Amino acid sequence: MSLLSLTFHTEQKTVETFDAYSKNELKQMIENLMQVEKYYFSEVASTYIENGKNYNLLLIFDDEILRSEFITNELQNIKDHLAKSFGEKVMIFQTELDLLHSRI
């Protein structure tokens, strides 16, 4: 199993539009990802965010090869779609999670 965390940060004035986008277009893009075994999309509750809102997409792959293929081939496609729809109003932060211990 291999994990990738994508955090989406939206400006405050874009939150409502991104909510709708995430429920429709983004969800459809995620559902169509062949390399992804499972995923978890969530709102991030944080006292550190004063302006805007964060969302997180945790992608679960069978192995590191599939995760690497996704990063190389599909992640840029998602970034391009977001840039086309939101410009710089939505930022994506990518975190590769490499297993040390697990109880999953």
Side-chain angles (χ1 to χ4, degrees):
M1 177 171 55
S2 186
L3 304 175
L4 177 67
S5 173
L6 300 177
T7 300
F8 302 87
H9 174 75
T10 67
E11 295 179 353
Q12 187 62 42
K13 60 186 173 189
T14 311
V15 168
E16 191 173 310
T17 308
F18 186 79
D19 277 340
Y21 181 87
S22 69
K23 292 174 184 170
N24 297 306
E25 288 94 339
L26 185 59
K27 182 179 183 221
Q28 191 61 43
M29 273 193 283
I30 297 165
E31 290 287 334
N32 290 332
L33 296 171
M34 294 177 56
Q35 297 103 327
V36 177
E37 179 184 334
K38 297 177 184 175
Y39 72 90
Y40 190 93
F41 185 75
S42 59
E43 293 182 13
V44 176
S46 175
T47 57
Y48 297 106
I49 302 171
E50 294 180 14
N51 184 18
K53 190 172 183 181
N54 282 357
Y55 302 81
N56 186 268
L57 175 59
L58 181 66
L59 300 169
I60 302 170
F61 302 89
D62 281 335
D63 56 43
E64 289 183 29
I65 294 169
L66 290 173
R67 179 179 75 178
S68 180
E69 288 175 0
F70 171 83
I71 291 169
T72 302
N73 301 320
E74 296 296 333
L75 184 55
Q76 189 58 50
N77 189 31
I78 292 171
K79 288 179 179 180
D80 290 345
H81 278 281
L82 283 169
K84 184 178 176 184
S85 298
F86 296 99
E88 294 181 3
K89 295 175 184 170
V90 175
M91 295 180 282
I92 301 175
F93 301 96
Q94 167 187 336
T95 307
E96 295 175 34
L97 305 173
D98 295 321
L99 181 64
L100 294 176
H101 307 282
S102 175
R103 191 182 268 189
I104 294 177

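These figures come from a predicted structure and were not determined experimentally.
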Mind running side-chain contact (heavy atoms from CB on, under 4.5 Å) on L6 and K79 for me, showing each step along the way?
CA-CA 11 Å; L6 300 177; K79 288 179 179 180; over 6 Å; no
Check ring pair (Phe, Tyr, Trp, His ring centres under 6.0 Å) between F18 and all other residues, then give those that pass, not counting sequence neighbours.
F8, Y55, F86
Just jot down the side chain to side chain contact (heavy atoms under 4.5 Å, CB included) partners of S5, sequence neighbours excluded, or say none.
T7, N56, L58, T95, L97
Rounded at 0.5 Å granularity, tell me how far NE2 in H9 sits from CE in M91.
4.5 Å
Which heavy atom of A20 sits nearest to which heavy atom of E25, and what is that distance?
O-OE1, 4.3 Å
Once you round to the nearest 0.5 Å, how far does OG of S102 lie from CE of M1?
4.5 Å
Rounded to the nearest 0.5 Å, how far does CG of L4 lie from CD of E74?
12.5 Å
Donor-acceptor pair, side chain of S85 and main chain of H81, under 3.5 angstrom:
yes
Would Y21 end up clustered with V15 when hydrophobic side chains under 4.5 Å apart are linked, directly or stepwise?
yes
Take atom CD of E16 as the centre, draw a 6.0 Å sphere, and report whether it contains more than 12 heavy atoms from other residues, nucleotides or ligands.
no
Heavy-atom side-chain contact between F70 and I78 under 4.5 Å
yes
Same hydrophobic cluster for I71 and Y40, using side-chain heavy-atom links shorter than 4.5 Å among ILVMFWY?
no
Sequence neighbours left out, cut at 3.5 Å: what donor-acceptor pairs do the side chains of residues 28-36 make with other protein atoms?
from: E31; atom 1: OE2; to: Y39; atom 2: OH; distance (Å): 2.5
from: N32; atom 1: ND2; to: Q28; atom 2: O; distance (Å): 3.1

Just wondering, are more than 12 heavy atoms of other shown residues or ligands nearer than 6.0 Å to CD1 in I92?
yes
Could you report the tightest heavy-atom contact between G52 and Q12, atom names first, then the distance?
N-OE1, 3.2 Å
Working to the nearest 0.5 angstrom, can you tell me the gap between K89 NZ and T17 OG1?
8.5 Å
Going hydrophobic residue to hydrophobic residue with side-chain gaps under 4.5 angstrom, can you get from L82 over to L75?
yes
Between CD of E88 and OG1 of T14, what distance do you get to the nearest 0.5 Å?
11.5 Å
side-chain contact (heavy atoms from CB on, under 4.5 Å) between L66 and E37, intermediate numbers included:
CA-CA 10 Å; L66 290 173; E37 179 184 334; over 6 Å; no
CG-CG distance between D98 and L3, expressed to the nearest 0.5 angstrom:
9.0 Å
